[in-house]
Structures are given as C-alpha cells and as structure tokens.
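Atoms within each ligand, like the ligands themselves, are counted from 1 in listed order.
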Amino acid sequence: MSGWRIPSVLQQAKILLSERLSAGSIAVDATVGNGYDTLFLAECVGETGHVYGFDIQKQALTSAEARLSEAGLLSRVTFFHTGHERWVELLPPDLRRQIQAVTFNLGYLPGGDKAVVTRPETTLQALQAAFDWLAPGGIITAVLYSGHPGGKQEAERVLAWAGGLDQKQAQVLWYQFLNQKNQPPTLLAVSRHS
Ligand code: SAH
C-alpha cells in the first residue's frame with residue numbers, strides 16, 4: 001500500500017456525494033465557480049437526474065457552461081446567475097425534501113476576483129435552505145477556507161450552525177488535516193437521517 005494517501009478534502013467530498021447520488025437523483029451546486037463540481041454532480045445523477053447550480057459571477061457561469069457543454073451534459077443542469085440565498089424563491093417547490101446532495105465550495109473563484117467571496121449571512125441562509133430541502137438520507141458537503149479575509153469568521157459561523165444540529169436529525173462531520181501548513185481547506189459534511 002505504499003503511495004496510499006488519505007483522501008484529500010476535495011476527494012473526500014466527492015466520495016460522500018457520489019455515495020448518495022444515483023441515476024435520477026437531484027443535486028445542487030451552491031457555488032458553481034469554474035464548474036468542476038457541477039460536472040461531477042451531472043455525471044453522478046445520470047440522464048434522468050438533474051443538477052441546479054448557483055453563482056453570482058457571470059464569468060464563473062460562462063466557464064462552467066463551457067465545461068458542461070464540452071462534456072455533453074449541459075441539458076442536465078439549470079444555472080441560476082444569482083446568490084444561493086435565493087434558493088427557496090428559485091428552486092421548484094416540488095423538490096422540497098427530494099434533494100439527495102448539495103455541495104458548497106466557499107471563498108473566492110480561483111483565477112477570479114479575490115474580493116468576491118461567499119459571506120456568512122448568505123452562506124448560512126443557503127445552508128439552512130439546503131438542509132430543509134434534503135431528502136431523507138441526503139447530504140450537504142461544504143469546503144471551508146480560512147486563509148482569505150473573512151474566511152475564518154465564515155468557517156466559524158458555518159461550523160457553529162452545523163454543530164448545533166440535533167444528532168437525532170443529522171450527522172455532522174468535520175474532516176481536516178491537522179499538520180498541513182498555510183490554513184488548508186477543511187470539509188464539513190451534514191447528513192440528514194429523515
Ligand atoms: N475557493 C474555492 C472555490 C470557491 S468558488 C477553490 O479554491 O476551489 C466560490 C464561488 O462562489 C465563486 O465563483 C463565487 O462567485 C461564488 N459565490 C459567492 N457568493 C455567492 C452566493 N451568494 N451565491 C452563489 N455563489 C456565490
């Protein structure tokens with residue numbers, strides 16, 4: 001087993017998401033960015049499933065759209081060019097309690113404007129909506145960053161929210177490498193029992 005590594009934060013997020021997704025599933029990418037996670041979700045939900053994606057930056061959505069289109073999977077995705085905090089207003093109401101997996105990748109867009117970051121208030125609104133809309137057995141993953149201005153405060157608020165969820169209703173996991181330098185990202189996962 002030499003060369004074996006514990007899955008990175010991003011790999012572990014994908015493992016958790018893919019375990020809950022199958023053909024026909026509904027998933028949400030709350031922070032589309034360059035669309036790598038959107039593409040992954042679109043592959044997992046198959047031809048009969050669907051993915052909804054939010055991002056406030058046109059640049060991000062253009063890049064994501066190109067990626068999905070190149071893979072021939074654009075028809076599996078609906079993009080919203082607006083904040084994930086508008087979840088309840090925008091997602092079809094019949095999807096309430098029907099969503100198997102939701103992913104968040106907080107912070108700024110890699111290669112984009114570092115001043116445009118996710119914010120605690122809106123992130124928490126979206127996380128609560130995501131939790132409320134999860135199907136029984138559904139999961140939320142969130143990659144948290146502490147290195148940029150405001151990142152640490154946001155991560156703390158998110159962890160406080162998740163840590164307050166009732167263990168009768170949810171499992172809450174915080175996955176992190178303790179000996180990596182330079183404030184590496186950590187992974188929060190929230191799984192809803194029923
Ligand atoms: N830091 C991560 C990538 C994060 S991308 C990494 O290094 O891999 C985060 C995305 O969230 C950005 O594209 C940004 O435009 C988007 N975003 C910021 N606020 C948002 C909001 N309220 N709703 C939806 N997306 C948002």
Side-chain angles (χ1 to χ4, degrees), residues 7-18 26-43 50-69 74 77-92 95 99 101-134 140-159 161-162 174-177 180-190:
S8 71
V9 154
L10 293 174
Q11 287 167 341
Q12 187 59 44
K14 286 187 171 175
I15 292 168
L16 292 167
L17 293 164
S18 64
I26 306 291
V28 177
D29 188 348
T31 51
V32 168
N34 290 314
Y36 293 102
D37 292 331
T38 323
L39 175 59
F40 176 74
L41 295 174
E43 286 165 353
H50 205 73
V51 180
Y52 294 84
F54 290 91
D55 207 292
I56 55 172
Q57 294 191 74
K58 191 71 203 159
Q59 177 201 344
L61 291 178
T62 303
S63 154
E65 251 167 38
R67 193 173 316 285
L68 268 298
S69 150
L74 195 54
V77 182
T78 301
F79 287 115
F80 297 115
H81 180 203
T82 188
H84 42 220
E85 62 278 9
R86 294 183 60 203
W87 177 301
V88 176
E89 216 180 305
L90 292 173
L91 282 201
L95 295 185
I99 296 174
V102 182
T103 186
F104 289 77
N105 193 328
L106 303 178
Y108 55 81
L109 178 65
D113 182 350
K114 292 190 180 177
V116 182
V117 292
T118 53
R119 308 265 170 204
E121 292 303 328
T122 42
T123 299
L124 285 169
Q125 276 178 45
L127 279 168
Q128 185 64 53
F131 186 75
D132 292 343
W133 285 51
L134 276 186
I140 302 171
T141 65
V143 179
L144 313 178
Y145 297 81
S146 297
H148 63 279
K152 189 161 186 287
Q153 290 79 354
E154 180 180 41
E156 280 167 2
R157 293 275 303 275
V158 167
L159 291 170
W161 170 79
W174 188 24
Y175 183 88
Q176 60 180 316
F177 291 88
Q180 287 179 355
K181 298 207 186 325
N182 302 322
Q183 299 167 294
T186 68
L187 174 67
L188 172 73
V190 174

query: How close do Trp133 and Leu95 get, heavy atom to heavy atom, and via which atoms?
result: CE3-C, 3.7 Å

Ligand-side contact atoms (ligand 1) for residue partner Thr31, heavy atom cut-off under 4.0 Å: 10 (C), 11 (O)

- prompt: For the residue pair Gln57 and Leu109, what are the closest heavy atoms and their distance?
  reply: NE2-CB, 3.8 Å

Nitrogen or oxygen of Glu85 less than 3.5 angstrom from that of ligand 1: yes

task: For ligand 1, indicate whether the residue Tyr108 contacts it via side chain, backbone, both or neither (heavy-atom separation under 4.0 Å).
output: backbone

query: Quick one: nearest non-hydrogen protein atom to atom 26 (C) of ligand 1, plus distance?
result: Ile56 CG1, 3.9 Å

field: Protein contact to atom 6 (C) of ligand 1 [nearest heavy atom, distance to 0.1 Å]
entry: Tyr145 OH, 3.0 Å

message: Quick check on contacts: which atoms of ligand 1 are under 4.0 angstrom from a heavy atom of Gly33?
response: 13 (O)

- line: atom 9 (C) of ligand 1: closest protein heavy atom, distance to 0.1 Å, is Asn105 O, 3.3 Å

message: Quick check on contacts: which atoms of ligand 1 are under 4.0 angstrom from a heavy atom of Pro110?
response: 3 (C), 6 (C), 7 (O), 8 (O)

- line: Contact region, Leu106 to ligand 1, non-hydrogen atoms below 4.0 Å, reads backbone

message: Ring-plane angle category for Phe104 and His84, please: parallel below 30°, perpendicular beyond 60°, tilted otherwise.
response: tilted

task: Among all protein heavy atoms, pick the one closest to atom 23 (N) of ligand 1 and tell me residue, atom and distance.
output: His84 N, 2.9 Å

Closest non-hydrogen atom pair between Leu90 and Phe80, with its separation: O-CZ, 3.7 Å

task: Would you mind running through ligand 1 and noting each atom that sits below 4.0 Å from a heavy atom of Gly107?
output: 9 (C)

query: Who pairs with Pro7 by side-chain contact (heavy atoms from CB on, under 4.5 Å), at least two apart in sequence or on another chain?
result: Trp4, Gln11, Gln12, Ile15, Tyr175

task: Could you tell me whether Glu89 and Arg86 make a salt bridge, using a distance below 4.0 angstrom between a side-chain N and a carboxylate O?
output: yes

message: Is the distance from the ring center of His50 to that of Tyr52 below 6.0 Å?
response: yes

Nearest atoms (heavy-atom pairs only) where Ser63 meets Asn34: OG-OD1, 3.2 Å

message: Return the closest protein heavy atom for atom 15 (O) of ligand 1 as residue, atom name and distance.
response: Asp55 OD1, 2.6 Å

query: So, Thr103 and Asp29: side-chain donor and acceptor under 3.5 Å apart, yes or no?
result: no

query: Atoms of ligand 1 less than 4.0 Å from Ala30 heavy atoms?
result: 24 (C), 25 (N)

